[in-house]
Amino acid sequence: MEEAKERSLHFIEQIIEEDLKSGKHASIITRFPPEPNGFLHIGHAKSICLNFGLAQKYGGVTNLRFDDTNPTKEDTVYVNSILEDVKWLGFEWEGEPRFTSDYFDILYNFAVKLIQKGLAYVDDQSAEEIASQKGTPTEPGKESPFRNRTVEENLELFGDMKSGKYREGEKVLRAKIDMAHSNMHMRDPLLYRIKHAAHHRTGNDWCIYPMYDFAHGQSDSIEEITHSLCTLEFEVHRPLYNWLIEHLEIYPSRQIEFARLNLNYTIMSKRKLLSLVEQKAVDGWDDPRMPTISGLRRRGYTPESIRNFSERVGIAKRNNVIDVGFLEFSVREHLNRIAPRVMAVLNPLRLVISNYDEGKVEMLETINNPEDESMGSRELPFSRELWIEQDDFMKEAPGKKYFRLAPGCSVRLKSAYIITCDGFDEDENGNVTTVYASYHADSKSGSDTSGIKAKGTIHWVSCQHAFDAEVRLYDRLFNDENPDGHKDREFMEFLNPDSLSIVQNCKLEPGLASAKPGDGFQFQRLGYFSVDNKYSLPGKPVFNRTVTLKDGWKK
RNA sequence: UGCCCCAUGGUGUAAUGGCAACACAUCUGAUUUUGGUUCAGGUAUUCAAGGUUCGAGUCCUUGUGGGGCAACCA
């Protein structure tokens with residue numbers, strides 16, 4: 001089978017194809033370089049799919065590298081979550097996971113080399129002094145009084161920094177470039193700082209740590225990464241990235257920037273996500289309302305749906321905001337194909353079929369997935385008293401376009417009989433307590449000879465067979481399209497107070513009692529639901545609503 | 001007010017000097033034992049001005065608008 005039409009190449013693919021064609025590279029190596037200081041989110045998923053996807057497409061490999069140069073923020077719990085998320089998305093990195101901290105010795109020697117070439121110096125000034133000399137984007141900076149130390153002195157001082165002779169902040173190593181450069185990052189950027197902090201992997205071996213600019217590109221180079229893909233904000237770092245590679249005379253990896261993914265009605269900053277977790281606004285990094293990969297997983301998203309989404313949003317350099325509805329489309333599309341259909345009543349209302357024998361139970365066959373015959377069918381118990389959805393009954397039909405139940409109206413009970421509503425009971429507050437109906441015995445699903453036409457079909461669960469469960473319904477975490485985009489208001493102010501509603505005693509068809517964490521279903525007419533991996537107990541699953549069904553009903 | 005990046009329907013992304021298209025969203029209609037799915041169709045797009053060219057969304061100039069850059073963060 002041929003694909004209808006080949007998708008056109010995005011700009012990074014074009015660069016790669018040119019490099020392959022010209023012989024610049026025989027094959028490609030990409031990398032995914034997270035800092036282990038938080039959980040990965042959907043924006044990282046885009047980057048993961050890009051980097052690993054490119055390597056797959058062009059027969060190359062992808063390294064997973066933890067950019068762990070700041071011991072005060074990083075932790076192995078994050079390393080482990082990242083490992084899990086990348087694997088879950090379906091990707092395999094080349095060899096063992098790598099760590100920038102594995103390269104600390106090499107990086108130190110790179111720094112020594114730069115000093116020897118007269119291109120780096122030790123500065124004794126404080127952070128404030130250095131900042132004040134940096135200039136502004138429109139004014140040049142001033143040179144440090146320590147800028148012209150001799151190579152010997154710099155070598156000795158840098159050695160002393162390494163051996164722990166100084167306190168934090170007392171000295172830094174800087175590149176000697178140009179304090180008047182129009183690019184702020186070229187104004188003698190910091191290369192190393194002193195931190196007397198234990199590192200999650202190297203412990204107390206080091207008390208100096210390289211800065212991002214002196215670690216990332218060098219690590220790319222050490223691994224001979226051919227195409228180093230990052231987001232737009234690093235564009236201004238590229239001249240420095242190239243300068244260091246050139247003067248260190250090491251493998252020339254190429255940095256290419258693309259626009260990061262933004263989603264409306266959420267935030268994507270790791271720092272802000274962390275504060276949601278710390279302030280307990282959510283139930284951890286993997287809360288199903290979080291845009292994290294682990295949150296989406298717990299919510300019931302599939303790796304395939306996230307990969308499709310990442311593919312479809314495209315790669316370009318233009319700032320973008322993707323509608324969260326597009327993500328939902330991707331998961332519905334996949335779940336529609338694979339999720340077994342089941343009966344579940346979230347807000348139960350008792351329905352009594354007056355003309356059905358008391359005590360009688362019929363087993364009715366129902367198909368598991370109309371989209372996939374191979375998924376077969378199962379049997380559902382039917383009896384005189386059923387649970388139906390409160391929303392499926394009204395005391396009075398509002399109009400001709402109403403297809404559900406009301407006195408005098410008929411509906412099809414999915415996979416069972418057509419019923420006609422005869423009346424209802426209500427309490428003193430006007431709340432309906434029981435609905436009464438008669439069934440048409442000759443309208444049985446599959447052998448209907450009644451000739452009755454029911455406009456609507458509703459779902460149901462037999463009262464005596466129903467299984468009670470907790471179901472969690474989610475709405476967007478923020479009420480505002482861009483919670484993080486207001487000058488004088490904090491993103492927390494836009495938290496949606498109704499983003500989680502826990503519904504107890506939902507009535508589910510009996511087979512669902514054995515559902516396992518991670519299992520996904522379509523609750524017919526309601527949406528897709530997945531068994532929670534945190535609160536479910538054996539035989540007592542808790543269901544998370546992944547996403548509602550598309551609602552095409554216009555009143 | 002310096003440097004860098006960007007500008008195509010409501011949202012994304014294509015068109016690589018030659019008929020502005022695809023997906024989502026939206027609207028019609030058909031089918032349907034899920035108001036789901038599926039199918040058919042509709043609405044809607046090149047920031048502005050000038051230039052180059054037989055021909056410009058695409059190249060050039062200027063302007064406008066948006067974003068980024070002054071952490072011992074990454």
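What you see is a predicted model, and the numbers here were worked out from it, not measured in a lab. Letters go in sequence order (proteins before strands), and every chain restarts at 1. Heavy atoms only: backbone and side chains are in, while hydrogens, waters and symmetry mates are out.
Using a 4.0 Å cut-off, no side-chain N or O of A/Thr69 falls inside it from OP1 or OP2 of B/C73. Note on A/Arg193: a side-chain N or O is less than 4.0 Å away from OP1 or OP2 of B/A74. In this structure, A/Arg525 reaches the B/G35 phosphate: one of its side-chain N or O atoms is under 4.0 Å from OP1 or OP2. Using a 4.0 Å cut-off, some side-chain N or O of A/Arg318 falls inside it from OP1 or OP2 of B/U8. Look at A/Lys195 and you'll find a side-chain N or O under 4.0 angstrom from OP1 or OP2 of B/C73.
Among the atoms of the strands shown, only primed sugar atoms or phosphate atoms (P, OP1, OP2) are found under 4.0 Å from some heavy atom of A/Val313. Among the atoms of the strands shown, base atoms are found under 4.0 Å from some heavy atom of A/Gln125. Using a 4.0 Å heavy-atom distance criterion, A/Asn264 is classed as making no nucleic acid contact. Within the nucleic acid shown, A/Arg332 has no heavy atom closer than 4.0 Å to any nucleic acid atom. Within the nucleic acid shown, A/Gln524 comes within 4.0 Å of at least one base atom, counting heavy atoms only. Within 4.0 Å (heavy atoms only), A/Pro239 reaches no atom of the nucleic acid at all. Nucleic acid contact class of A/Ala316 (heavy atoms, under 4.0 Å, all strands): sugar-phosphate only. Residue contacts for A/Gly141: at a heavy-atom cut-off of 4.0 Å it reaches no nucleic acid atom on any strand shown. Among the protein residues, A/Gly552 comes within range of the sugar-phosphate backbone only, with heavy atoms under 4.0 Å from sugar or phosphate atoms but none that close to a base.
Residues A/Arg312 and A/Ser330 have side chains that bring a donor and an acceptor to within less than 3.5 angstrom of each other. Looking at A/Ser101 and A/Asp68, their side chains do bring a donor and an acceptor atom within 3.5 Å of each other.
Here B/C73 presents its P atom at 15 Å from CZ of A/Arg271, a figure rounded to the nearest Å. Here B/C22 presents its C1' atom at 17 Å from CD1 of A/Ile315, a figure rounded to the nearest Å. For A/Asn369 and B/U38, the CG to P distance is 12 Å, given to the nearest whole Å. Atom CG in A/Leu380 sits roughly 15 Å away from atom P in B/U34 (whole-Å rounding). Protein atom OH of A/Tyr192 is 12 Å distant from nucleotide atom P of B/A74, rounded to whole Å. What separates NE2 of A/His196 from P of B/C72 is a distance of 17 Å, to the nearest Å. Rounded to a whole Å, the CG atom of A/Leu526 is 10 Å from the P atom of B/G35. At whole-Å resolution of the value, NZ in A/Lys317 and C1' in B/A14 are 18 Å apart.
Taking the six-membered ring for Trp and the full ring otherwise, the centers of A/Phe158 and A/Tyr108 sit less than 6.0 Å from each other. Checked against a 6.0 Å centroid threshold, the rings of A/Tyr209 and A/Phe214 do not count as neighbours. Between A/Tyr241 and A/His237, the ring centre distance reaches or exceeds 6.0 Å. Between A/Phe66 and A/Tyr78, the distance from one ring center to the other does not fall under 6.0 angstrom. Aromatic pair A/Phe478/A/Tyr265: centroids not less than 6.0 angstrom apart. You'll find the ring centres of A/Trp460 and A/Phe382 inside the 6.0 Å limit.
If you check distances only, the side chain of A/Ser445 does reach the base of B/U33 with a donor-acceptor pair under 3.5 Å. Side-chain atoms of A/Gln522 come within donor-acceptor range of the base of B/U34, with a qualifying N/O pair under 3.5 Å.
The ring of A/Phe403 lies on top of the base of B/G35, close enough and flat enough: under 5.5 Å between centres, under 30° between planes.
Here the separation of B/A20 from B/A15, taken at their C1' atoms, is 7 Å to the nearest Å. B/A7 sits 14 Å from B/U13 when the C1' atoms are compared, rounded to a whole Å. Comparing the P positions of B/A30 and B/G55 gives an interatomic distance of 49 Å, to the nearest angstrom. The separation of B/U62 from B/U52, taken at their C1' atoms, amounts to 15 Å, rounded to a whole angstrom. If you take atom P in B/C22 and the same atom in B/A14, they sit 16 Å apart, rounded to whole Å. The gap from the C1' atom of B/C47 to that of B/C54 amounts to 27 Å, rounded to the nearest Å. Taking the C1' atom of each, B/G51 and B/G17 are spaced 15 Å apart, rounded to whole Å. On the P atoms, B/G18 is 11 Å away from B/A56, given to the nearest whole Å.
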Distances under 3.5 Å between protein N/O atoms and the N/O atoms of nucleotides 62-71 of chain B, please, pair by pair.
{"from": "B/G67", "atom 1": "O2'", "to": "A/Asn319", "atom 2": "ND2", "distance (Å)": "3.4"}
{"from": "B/C69", "atom 1": "O2'", "to": "A/His185", "atom 2": "NE2", "distance (Å)": "3.2"}

Pairwise N/O distances under 3.5 Å, protein to nucleotides 43-48 of chain B:
none

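Here A/Glu389 does not pair with A/Arg525 in a salt bridge; the nearest charged N to carboxylate O distance is not below 4.0 Å.
Taking the six-membered ring where tryptophan is involved, the planes of A/Phe326 and A/Phe329 are essentially parallel, since the angle between them stays under 30° and well short of 60°. The aromatic rings of A/Phe104 and A/His199 sit perpendicular, their planes meeting at an angle over 60°, well past the 30° parallel limit. A perpendicular orientation is assigned to the rings of A/Tyr439 and A/Tyr417, their planes being inclined by more than 60° (bins at 30° and 60°).
For RNA chain B, the stems formed by at least three consecutive Watson-Crick or G-U pairs, with both atom-pair distances below 3.5 Å, span B:2-7 with B:64-69, B:10-13 with B:21-24, B:26-30 with B:38-42, B:47-51 with B:59-63.
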Quick one, A/Gln522 with A/Tyr528, criterion side-chain hydrogen bond (donor to acceptor under 3.5 Å, both in side chains). Give me CA distance, side-chain angles, the key distance, then yes/no. CA-CA 4 Å; A/Gln522 186 198 98; A/Tyr528 296 97; 3.2 Å; yes
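Within 6.0 Å of NZ on A/Lys401 lie no more than 12 heavy atoms contributed by other residues, nucleotides or ligands.
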